[in-house]
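Excluded from the calculations below are hydrogen atoms, water molecules and symmetry mates; all remaining heavy atoms, backbone and side chain alike, are included. So you know, we letter chains A, B, ... as the sequences are listed, proteins then strands, and number each from 1.
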Number of protein chains: 2
Amino acid sequence: MNIREVAKRAGVSTATVSRVVNGTVPVSTHTERRVRSAIKALGYYPNSHARTLGSGKSHMYGLIISDITNPFFPDIAKGFERIAVEHGQELLIANTDYQPQRMQVCVRRMLERKVDGVAIMTSEMDQQLIQLLNKRGIPIVFLDTGKVGRMTSNIFIDYDIGIEHAIAHLASLGHERIAFISGPPTLPSAQTRKDAFLRSLKNRGIKPRPDYMKTGNHHIDGGQSAMAQLLKMSTIPTAVLASNDLTAIGVIGAIHAAGLRVPDDISVVGFDDIELSQYLQPPLTTVRVPRMEIASRAFTALYAASHKGADHGIEYQIATELVIRQSTGPVRSV
Amino acid sequence: MNIREVAKRAGVSTATVSRVVNGTVPVSTHTERRVRSAIKALGYYPNSHARTLGSGKSHMYGLIISDITNPFFPDIAKGFERIAVEHGQELLIANTDYQPQRMQVCVRRMLERKVDGVAIMTSEMDQQLIQLLNKRGIPIVFLDTGKVGRMTSNIFIDYDIGIEHAIAHLASLGHERIAFISGPPTLPSAQTRKDAFLRSLKNRGIKPRPDYMKTGNHHIDGGQSAMAQLLKMSTIPTAVLASNDLTAIGVIGAIHAAGLRVPDDISVVGFDDIELSQYLQPPLTTVRVPRMEIASRAFTALYAASHKGADHGIEYQIATELVIRQSTGPVRSV
DNA sequence: ATGAAAGCGCTAACAC
DNA sequence: GTGTTAGCGCTTTCAT
């Protein structure tokens, strides 16, 4: 079942069938009707590989993420896909599993599949690989890596503003002993969050204590063990800011496990605002990173670059905002 | 950059390049070396569309799920992809967003992309669409829909056993007023879980109370509102079994919101055992549905059908098991 | 072991 | 508005 059979049955050329299928060039209503009925009768659908091969456009964007299992990413993927489908594009997802060397496989896959653009939402990025994409003229959009150039855009997330609010919120509740549990040191965005935290503390005249800086892994267990360490200290913090919500969940778990309460004994602030956070016990105060907006901006960047030929990338700014729920409260008077 | 350039540079024919790339037919070590170095020098990588078009095999399996945002699915996707990649295959994911009519789009997409097989893990299934796949000789594997036939396998999840244990567990703690919050009525697997619940109750001589049967939506909010209704009753249940973990999370939220405690006032049992469940407060007692095993079986089914030509599908059995944590406890003596 | 060449199904010039 | 046809990049007989 291919375009030739449809053409034969409709008594037209394959080019005409292609025209009605793609709506590229006007076709007389009469032939159009004939073609459509042939298509229906034969149950014809085009072979996308042949299409891509013939036209050079795959109508597919790639999305490279670290781990589909991290709740942050499915939201992005879903949003991205929805917009893509609305624009007649499709989405190819690839995971790096947080392993830098897998990045190469992912990019290779994108190249082989001839994607029209790729959104890279992981930080396991290699400059050489970017070159590969660039050389092929494939638009790229990064999340948070800062370099904008030919065919490459960037979505800059303003962590500072959200973190600033979080610290202000905590300070207004009387907190001064504020701990921070970072993400994996190798993750630039985690580093950025951490830096923003330190900066914000200083701005407020609070001196950061190195022993209140712990390293997590952006997973629940990392938050748990980091918090467990914190709880062993002689002077435990009265509040902790986690580098993502998963970490915060682990933190809360560890606090509860130690027989303490949130926010009565310790206040906890998360980061990301995954759907779940509002349903935690207590509902999590967190810095929201608007994922739909990220997905939408990422798509726009790619779409613009691959269609309108806007060959110089642009930098998008996305703000973060503090969502106050019930995991934060006034510092307990001693 | 294509196979012809590589061939030219290596001084061989394109056929030979194809042979070394695919390792299909032995090639003299000398030419192989030449070809490989040309490939490296030119940075050549094959165009997968041309490959698919030429060979008829896409080396890609399709996975149709309801919603990538539901934590159940990313686990499946991840597991499936890992195994697929190990076997030199790739994965194409499509969402139905729980809308039956989107199923058609998904299947169409699979057809267009010429997948070598498709795993359908949603229940928005239309017999006609199956025919479409079948007619093209594309292997299918279903989750929980029961029909095994030519080229179509099924993964049967034995919900009964897990639910049976859950009820036994609850009964041993003295519970008799056990409520059930089902999933969407349109979802067969949700229906199956509900039936298993009723059957299990009867086996134990407990008469199911219709007013203890509520309908959720497999999301957190559905669990919340269903539980809220339950809490308005004059005689509230002492335990509730939710049709999935997300529902259970909502249930716990509603219970807490009402100023009651889990498990002191009400015991809660979930279903699925998503990663998060162990970290909830309290950690959730739940019926585990082994997702890795599902992913692995699904892949095996497809791989067998599309490779070894095992053209009759088979039925896989997967057991469920109760994981006892801390959301269940003895019924409070009145 | 290797090469020549015929497809695979479609798109896009180009001609009419 | 429609047909002809030359690719797109690869695989795969069929020869040799």
I'd like to know if [X] and [Y] make a salt bridge, using a cut-off of under 4.0 Å between side-chain N and carboxylate O.
{"X": "A:Arg19", "Y": "A:Glu32", "value": "no"}
{"X": "A:Lys78", "Y": "B:Asp97", "value": "yes"}
{"X": "B:Arg109", "Y": "A:Glu81", "value": "yes"}
{"X": "B:Arg9", "Y": "B:Glu5", "value": "no"}

message = Walk me through whether B:Ser296 and B:Phe80 qualify under side-chain contact (heavy atoms from CB on, under 4.5 Å).
response = CA-CA 6 Å; B:Ser296 138; B:Phe80 196 100; over 6 Å; no
message = Distance check needed: D:dC8 P versus B:Glu5 CD, whole Å only.
response =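 For the pair B:Glu5 CD and D:dC8 P, the rounded distance is 11 Å.
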request  = Could you tell me the separation between the NZ atom of B:Lys8 and the P atom of C:dG3, rounded to a whole number of Å?
outcome  =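 Taking NZ of B:Lys8 and P of C:dG3, I get 15 Å after rounding.
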inquiry  = I'd like to know if the side chain of A:Arg51 pairs up with that of A:Asn22 as donor and acceptor (distance under 3.5 Å, no hydrogens or angles considered).
reply    =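 Side chains of A:Arg51 and A:Asn22: pair found under 3.5 Å.
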ask   = Where does the angle between the aromatic ring planes of B:Phe299 and B:His87 fall among parallel (under 30°), tilted (30 to 60°) and perpendicular (over 60°)?
value =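 Correct class here is tilted.
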query = If you fit an axis to the five pairs at each end of the helix from C:dA1-D:dT16 to C:dC16-D:dG1, how big is the angle between those two axes, to 10 degrees?
reply =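 The end-segment axes of the helix from C:dA1-D:dT16 to C:dC16-D:dG1 are tilted 30° relative to each other.
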Backbone of A:Phe156 reached by a side-chain donor or acceptor of A:Asp144 within 3.5 Å =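 Such a contact is absent between A:Asp144 side chain and A:Phe156 backbone.
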message = Generate the contact string for nucleotides 7-16 of chain C. Rules: B means base contact, S means sugar-phosphate contact only, - means no protein heavy atom under 4.0 Å.
response = -BBSSBB---
ask   = Has B:Thr16 got a side-chain N or O lying under 4.0 Å from the OP1 or OP2 atom of C:dG3?
value =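 Answer yes for this pair, as a side-chain N or O of B:Thr16 is under 4.0 Å from OP1 or OP2.
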